[in-house]
Amino acid sequence: MEPLRLFIAIPLPEPLLRQMAQVQRALEKQMPAGSVRWVNPEGIHLTLKFLGDTPEGKVPAIRDALAAVARRAVPCTFTVGDLGCFPNLRRPRVVWVGVQEPGGQLQALQEAVESAMVSLGYPREGRKFSPHLTLGRVRDSVPSRDAARIGEVVGATALGTLGEVRADSFALIRSVLKPTGAEYTPLAEFRLEG
Ligand code: 2AM
């Protein structure tokens, strides 16, 4: 049987997704044509853990482990705003909107999800958790002059705060890669009950 490509993420409210679509359109106008693959705004989410290819038989254990995390984790509120690029503005690969949550509950939730998945055999993420909402990915074929322009536009755009999100659940999501972009299907949602 085909493995399932899975990840764990916090879904975002519709009005914020519409704002993100506006930001994408505003950026696209200023960037070299076709230089960025913009993600479908309806699917924008805050990723907590990417699991990747997973045998279907493992899904019940993942669900049980995530349900246990959700029973203990508290809801949190985070702010969405400001723009940036990974790895940096000089070598942009991913264009994102930032997520700020000084209270530390989002970080605690991500760590709890990470540990639960490490216990199930997934590798621990080597990088520090940098919560973000991906808007688009710079195409591999983009000449360095165009990449520089993308970084300049992102650096020069003062987005400010788009809004606050009350996160009271997270989801296990299946991703199917299509030529038109990734299609996401939530397999299970977990309410934060702590
Ligand atoms: P992102 O949050 O930076 O966009 C589904 O692909 C989600 O898992 C995306 O949101 C993506 O990153 C995240 N992700 C993390 N590591 C990944 C990887 N190695 N391959 C694909 N997606 C990954």
Side-chain angles (χ1 to χ4, degrees), residues 2-14 16-17 19-21 23-24 27-28 31 35-56 58-59 62-63 65-66 69 76 78-89 91-101 106-107 109-118 120-140 142 147 150-151 154 159 162 165 167 169-190:
E2 283 282 294
L4 307 180
R5 183 181 164 89
L6 302 178
F7 65 100
I8 300 157
I10 297 176
L12 302 172
E14 284 287 329
L16 181 68
L17 297 181
Q19 283 178 291
M20 304 285 277
V23 175
Q24 285 176 319
L27 291 174
E28 188 174 21
M31 288 179 177
S35 58
V36 175
R37 270 183 298 121
W38 301 100
V39 303
N40 175 0
E42 288 171 25
I44 295 176
H45 53 264
L46 170 49
T47 303
L48 296 173
K49 175 75 178 166
F50 179 73
L51 301 178
D53 282 347
T54 298
E56 205 170 336
K58 205 166 168 172
V59 171
I62 296 171
R63 290 173 79 126
L66 293 178
V69 168
C76 63
F78 55 83
T79 304
V80 172
D82 298 332
L83 285 176
C85 289
F86 289 144
N88 56 54
L89 293 182
R91 277 195 310 130
R93 304 293 316 151
V94 173
V95 178
W96 46 257
V97 174
V99 168
Q100 299 87 31
E101 197 269 323
L106 178 62
Q107 175 87 33
L109 173 62
Q110 190 275 335
E111 278 168 17
V113 167
E114 182 79 39
S115 301
M117 295 302 105
V118 169
L120 290 181
Y122 290 95
R124 183 173 289 283
E125 181 63 54
R127 284 174 289 205
K128 187 170 126 307
F129 178 50
S130 300
H132 65 277
L133 311 176
T134 296
L135 292 178
R137 297 183 177 86
V138 179
R139 288 186 195 276
D140 288 337
V142 160
I150 292 168
V154 169
L159 188 63
L162 288 185
V165 176
S169 72
F170 63 84
L172 175 64
I173 302 172
R174 179 177 184 193
S175 164
V176 176
L177 300 178
K178 303 245 165 114
T180 47
E183 269 183 27
Y184 299 143
T185 312
L187 301 183
E189 189 157 348
F190 305 90

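Computed from heavy atoms alone, side chains included, the values below leave out hydrogens, waters and symmetry copies. Quick caveat, the model's predicted, so the values are computed rather than measured. Note that ligands are numbered from 1 as they come in the structure, with each ligand's atoms numbered from 1 the same way. Start at 1 with the first residue, then count along the sequence.
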Dump all N/O pairs between ligand 1 and the protein below 3.5 Å as a table: atom names plus distance, one pair per row.
from: ligand 1; atom 1: 2 (O); to: Thr47; atom 2: OG1; distance (Å): 2.9
from: ligand 1; atom 1: 2 (O); to: His132; atom 2: NE2; distance (Å): 3.4
from: ligand 1; atom 1: 3 (O); to: His132; atom 2: NE2; distance (Å): 2.6
from: ligand 1; atom 1: 3 (O); to: Thr134; atom 2: OG1; distance (Å): 3.0
from: ligand 1; atom 1: 4 (O); to: Thr134; atom 2: OG1; distance (Å): 2.7
from: ligand 1; atom 1: 4 (O); to: Arg137; atom 2: NH2; distance (Å): 2.8
from: ligand 1; atom 1: 10 (O); to: His45; atom 2: NE2; distance (Å): 2.6
from: ligand 1; atom 1: 10 (O); to: Thr47; atom 2: OG1; distance (Å): 2.8

So, the side chain of Gln19 versus the backbone of Leu162: is there a donor-acceptor pair under 3.5 Å, distance only?
yes
Compile the donor-acceptor pairs under 3.5 Å between side chains in residues 109-117 and protein atoms, sequence neighbours left out, one pair per line.
from: Gln110; atom 1: NE2; to: Leu48; atom 2: O; distance (Å): 3.4
from: Gln110; atom 1: NE2; to: Glu114; atom 2: OE1; distance (Å): 3.1
from: Glu111; atom 1: OE2; to: Gln107; atom 2: NE2; distance (Å): 3.0
from: Glu114; atom 1: OE2; to: Lys49; atom 2: NZ; distance (Å): 2.8
from: Glu114; atom 1: OE2; to: Glu125; atom 2: N; distance (Å): 2.8
from: Ser115; atom 1: OG; to: Glu111; atom 2: O; distance (Å): 3.0

Taking only residues two or more places apart in sequence, or in another chain, which ones meet Gln100 in a side-chain hydrogen bond (donor to acceptor under 3.5 Å, both in side chains)?
none
Short side-chain to backbone donor-acceptor contact, Thr54 and Gly52, under 3.5 Å
yes
Which distance, rounded to the nearest 0.5 Å, do you find between the CG of Leu133 and the NE2 of His45?
8.5 Å
Tell me every residue that passes ring pair (Phe, Tyr, Trp, His ring centres under 6.0 Å) with Tyr122, counting only those two or more places apart in sequence or in another chain.
none
